[in-house]
A.B. asks: 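My questions all concern the structure below.
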Amino acid sequence: MGVCAASIVSFGLLLLAAAPAHAQRTMLAREAIKADTDGDGLPDDTDACPGVVYVPGFEWSVCGPMDLNPANDAAAECKARERVANVIFTGGVFVTHVSFAVVKNGRVHFADSFEYLGGGQFAHDPAGIHRLFRIGSTSKSVTAVAAKVMEERGELSLDDFVSDDDGTRVLVGGERTLRNLLSHRGAFRTDSGVYLFSYPGDLAAFWAEPDDLVSPHYDSAPYGNLGGGYSYSAFNYSLAGAYLAHRAGVSFDTTLQQRVFDDSSMCTATLDGDRAVGTAIGSGWGLSQGAVMHVGPYINLYSQSDPRCEDNFYSSEDLPGDAYSWQYYHVDEADAEARDPAGGVIASVIDMAHFAETLLDSYHGRGGLLSPQGVRELWTATSDLGCGTGCPYERYYGLGFFTNSTSGVGVTQVGHGGSRAGFASAFVIRPEADMAVCILVNADVSTVTLSNLAKAILDDFGH
């Protein structure tokens, strides 16, 4: 703290000490209202989850000096640190930050974080376990859980028919159900390169847009998939999210906040990029050697000529044709609501560890957000992906999760991965082992690479 800042604090304390008792109480009450214990941009008096819960179950001092070689460590926890820190040098792209968390015996066991300093040097970054990252398509798991929570609360049914005109319920003549959307079956096909992530309105406005090249219909070309089989598409989850918001009677971000984030102790998770980037835990820059802000879905390209796109959705101002060697970006990258249900969640590794915790509690009947039957339904195969033993994640897709289970009973591995421009995530749960690993990276690292890394860490624990 500088001299001026210290003087201001001291002067404030003198004023408080000199004030009458009732004035002191008033001043303290005002300060309490402004307090933000978890640093997530929400004052404690309006925050349903004001404090992050994390008590590490492992003492790092037992680990030797880091050398990026897990073979030199005996403890699985120490091996995990070495494996994760290695991503900085072996991820294939320029990595600025990487954080991870391990859930063991159903509880958050430990977390850690590292940052790259340049010149081949990295540093331990303990505070980074609270840093906010985009989790990309791992958001689909959160959306699917929210849908199942709402079904178990009687707010909707996964078998409700959903209108592709505006995301409301269809009572007569419906074509595709919420279950179809959550399982990527027969509704929409690939969304690559379309306007989905560039629309300036909210979810309701997006799905009311009549142009099929913006928000398609189940039978429209080129993005409709009416009656077809499995086709992984963000459109499916965007429309599913619109339906959840309609049935909840609140915005989609509030729907997730009230039905998943708060009740899972995901205290700093959010969909609000503006809020996140205005906090200490979400204000850091990412740095890329490539034009990450010009690719999939080309927002800074389309936004130059399409009146339906705001120029621009990215924190980076770099446009195609600009001269630059490095590209800087924030966690508010592409903060478009139409994208939120499919890939808009912003969270820390502690938030994601608590999410895994509540799912494991649900599976083992220890409480949690869902009933054991409910979480098993999400983790039961709805499609065989046809990849046999060579699957990038798992052989089957369930509802919001890749899974290796056809029955939802005795589930040994589920998860999801996510990629947003400049961010990547892995989220792997081994329900029968009561363990999980989450890895978040501030770079375009392969999600398959991160998923395999998470599995290697779980293997180190003998599970």
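Side-chain atoms are counted along with the backbone in the values below, which use heavy atoms only and exclude waters and symmetry mates.
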A.B. asks: Is the NZ or CZ atom of R176 both under 6.0 Å from the centre of the six-membered ring of F161 and within 45° of that ring's axis?
C.D. replies: no
A.B. asks: Side-chain donor-acceptor pairs under 3.5 Å in residues 341-350, sequence neighbours left out?
C.D. replies:
unit_1: S348; atom_1: OG; unit_2: I350; atom_2: N; d: 3.3
unit_1: S348; atom_1: OG; unit_2: D351; atom_2: N; d: 3.0
unit_1: S348; atom_1: OG; unit_2: D351; atom_2: OD2; d: 3.2

A.B. asks: Does E151 come within less than 4.0 Å of R247, counting only side-chain N to carboxylate O?
C.D. replies: no
A.B. asks: Taking the side chain as everything from C-beta on, heavy atoms only, tell me whether Y218 gets closer than 4.5 Å to N180.
C.D. replies: no
A.B. asks: May I ask you to decide whether D253 forms a salt bridge with R259, counting only side-chain N to carboxylate O separations under 4.0 Å?
C.D. replies: no
A.B. asks: If we ignore angles and hydrogens, is there a donor and acceptor under 3.5 Å between the side chains of Y393 and K455?
C.D. replies: no
A.B. asks: With distance as the sole criterion, is a donor-acceptor pair present between the side chains of E432 and H463 under 3.5 Å?
C.D. replies: no
A.B. asks: Between the side chain of S215 and the main-chain N/O of F206, is any donor-acceptor distance below 3.5 Å?
C.D. replies: yes
A.B. asks: Given side chains that start at C-beta, do those of R189 and S233 come closer than 4.5 Å, heavy atoms only?
C.D. replies: no
A.B. asks: Are any of the side-chain heavy atoms of T270 and D40 separated by less than 4.5 Å?
C.D. replies: no
A.B. asks: Consider only side-chain N and O atoms of W285 and T96, and report whether a donor and an acceptor are under 3.5 Å apart.
C.D. replies: no
A.B. asks: Closer than 3.5 angstrom, by distance alone: can the side chain of H354 be matched with the main-chain N or O of V53 as a donor-acceptor pair?
C.D. replies: yes
A.B. asks: Between Y396 and F402, is the ring centre distance below 6.0 Å?
C.D. replies: no
A.B. asks: Are the aromatic rings of Y237 and Y243 close, with centres under 6.0 Å apart?
C.D. replies: no
A.B. asks: Does the distance from a Lys or Arg side-chain N to an Asp or Glu carboxylate O, for R131 and D125, drop under 4.0 Å?
C.D. replies: yes
A.B. asks: Flag the pair N442 / V95 as yes when at least one side-chain heavy-atom distance between them is below 4.5 Å, and no otherwise.
C.D. replies: no
A.B. asks: Using modelled atom types and a 3.5 Å cut-off, is there a donor and acceptor pairing between side-chain atoms of S264 and backbone atoms of M266?
C.D. replies: no
A.B. asks: Please check if the side chain of S238 supplies one atom and the backbone of A234 the other of a donor-acceptor pair under 3.5 Å.
C.D. replies: no
A.B. asks: Quick one: does L42's side chain get under 4.5 Å of R275's, heavy atoms only?
C.D. replies: yes
A.B. asks: Taking the ring of F355 and the ring of F261, is the distance between their centroids below 6.0 Å?
C.D. replies: no
A.B. asks: Taking the side chain as every heavy atom from C-beta outward, state whether V145 and L369 have any atom pair closer than 4.5 Å.
C.D. replies: yes
A.B. asks: Does the side chain of R366 come within less than 4.5 Å of L360's, by heavy atoms?
C.D. replies: yes
A.B. asks: Has D36 got a side-chain atom pairing as donor or acceptor with G41's backbone, closer than 3.5 angstrom?
C.D. replies: yes
A.B. asks: Checking D212 against Y223: is there a side-chain donor and acceptor pair closer than 3.5 Å?
C.D. replies: no
